[in-house]
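Being a predicted model, the structure only gives us computed values, none of them experimental.
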Amino acid sequence: MPRNQPRRWPISLVRLFAAITLLQVLLQAAFAGGFISGRIGYLNAHSVNGSVLVMTVMLLGGSTVLLFRPARGPWWPILISALLWWLCAIQVGLGFARVVGVHIALGAAITALSTGLLWWSLGYRQRVAA
């Protein structure tokens, strides 16, 4: 690869971790629905998936850093992934504290943010240096 060409593999990592993140977020809603419907075992799955989601978003953040450097991509996905991580970490705390009203609203915001980041990453095309 010529030196003036940006690396292309970091966007693949961003897409991968953004897709896994959104899948886990959607599973969170399904697990919560199962628990609310009376299936107590879904609460444990909801709890475990929420904790794993925080780690997945950390990997997403690392991939956005790699997209910025060395791939010469935009800087703002780093901020979005950091915000998403922060919201997920707060979400886990609210869940364990049983602050359900805020927990549900924040879950909707996390769903929207993770959907938007995946949508952007799937449409992203790197500029090729002339």
Side-chain angles (χ1 to χ4, degrees):
M1 175 178 283
R3 284 187 154 302
N4 62 349
Q5 296 293 328
R7 300 188 190 282
R8 295 176 187 234
W9 58 267
I11 189 61
S12 297
L13 287 177
V14 172
R15 289 174 180 149
L16 173 69
F17 289 122
I20 293 170
T21 296
L22 182 58
L23 177 64
Q24 285 182 277
V25 167
L26 294 174
L27 278 172
Q28 281 298 88
F31 291 148
F35 172 68
I36 291 171
S37 297
R39 295 183 180 97
I40 304 300
Y42 278 87
L43 181 60
N44 186 47
H46 185 73
S47 175
V48 169
N49 189 51
S51 298
V52 173
L53 177 60
V54 172
M55 292 183 279
T56 303
V57 175
M58 287 176 67
L59 294 171
L60 174 62
S63 67
T64 60
V65 170
L66 291 173
L67 179 64
F68 179 61
R69 294 287 180 251
R72 300 186 211 154
W75 57 268
W76 61 265
I78 298 170
L79 296 180
I80 298 298
S81 62
L83 174 64
L84 189 57
W85 178 85
W86 185 73
L87 292 175
C88 287
I90 289 174
Q91 180 75 329
V92 169
L94 290 171
F96 282 118
R98 305 290 191 255
V99 183
V100 178
V102 179
H103 186 73
I104 292 171
L106 188 55
I110 290 169
T111 302
L113 193 59
S114 59
T115 301
L117 188 58
L118 176 61
W119 182 265
W120 169 82
S121 73
L122 292 174
Y124 175 74
R125 300 291 177 256
Q126 288 181 307
R127 291 180 291 168
V128 178

Roughly how far, to the nearest 0.5 Å, is the [atom2] atom of [Y] from the [atom1] atom of [X]?
X      : Y      : atom1 : atom2 : value
Thr56  : Leu84  : OG1   : CG    : 10.5 Å
Leu113 : Cys88  : CG    : SG    : 8.5 Å
Phe17  : Ser114 : CZ    : OG    : 15.5 Å

So do [Y] and [X] actually touch side chain to side chain, heavy atoms under 4.5 Å?
X     : Y      : value
Val14 : Pro77  : no
Arg72 : Gln126 : no
Pro74 : Trp120 : yes
Met58 : Trp85  : yes

Which pair of non-hydrogen atoms, one from Ala18 and one from Ser121, has the smallest distance, and what is that distance?
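In terms of heavy atoms, the two residues are closest at CB-OG, 4.3 Å.
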Smallest heavy-atom separation, Gly73 atom then Tyr124 atom, equals CA-OH, 3.5 Å
Which of these, Leu67, Leu60, Leu59, sits in a side-chain contact (heavy atoms from CB on, under 4.5 Å) with Ser63?
Leu60
Just one of Leu87, Thr115, Thr21 clears the side-chain contact (heavy atoms from CB on, under 4.5 Å) bar with Ile110, so which one?
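Result: among Leu87, Thr115, Thr21, Leu87 is the only option passing the side-chain contact (heavy atoms from CB on, under 4.5 Å) with Ile110.
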With clusters built from Ile, Leu, Val, Met, Phe, Trp and Tyr whose side-chain heavy atoms come within less than 4.5 Å, directly or transitively, what are the remaining members of the cluster of Leu26, listed by chain and number?
Leu22, Leu118, Leu122
Supply the members, apart from Val100, of the Ile/Leu/Val/Met/Phe/Trp/Tyr cluster built from side-chain contacts under 4.5 Å; use none for a lone residue.
Ile104
Using modelled atom types only, decide if a donor and an acceptor are shared between the side chain of [X] and the backbone of [Y] within a distance under 3.5 Å.
X      : Y      : result
Ser37  : Gly33  : yes
Gln28  : Gly107 : no
His103 : Gln91  : yes
Arg39  : Gly34  : no

Crowded around Trp9 CH2? As in, over 12 foreign heavy atoms under 6.0 Å?
yes
So for atom CH2, which belongs to Trp86, do other residues, nucleotides or ligands contribute more than 12 heavy atoms lying within a distance under 6.0 Å?
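Check fails, neighbour count at 12 or below.
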Report yes or no: do [X] and [Y] belong to one cluster of Ile/Leu/Val/Met/Phe/Trp/Tyr joined by side chain heavy-atom distances under 4.5 Å?
X     : Y      : value
Val92 : Leu27  : no
Ile90 : Leu53  : yes
Leu79 : Leu66  : yes
Leu83 : Val102 : yes
Leu43 : Leu106 : no

Sorted by chain and residue number, the side-chain contact (heavy atoms from CB on, under 4.5 Å) partners of Ile78 (sequence neighbours excluded) come out as Thr64, Val65, Phe68
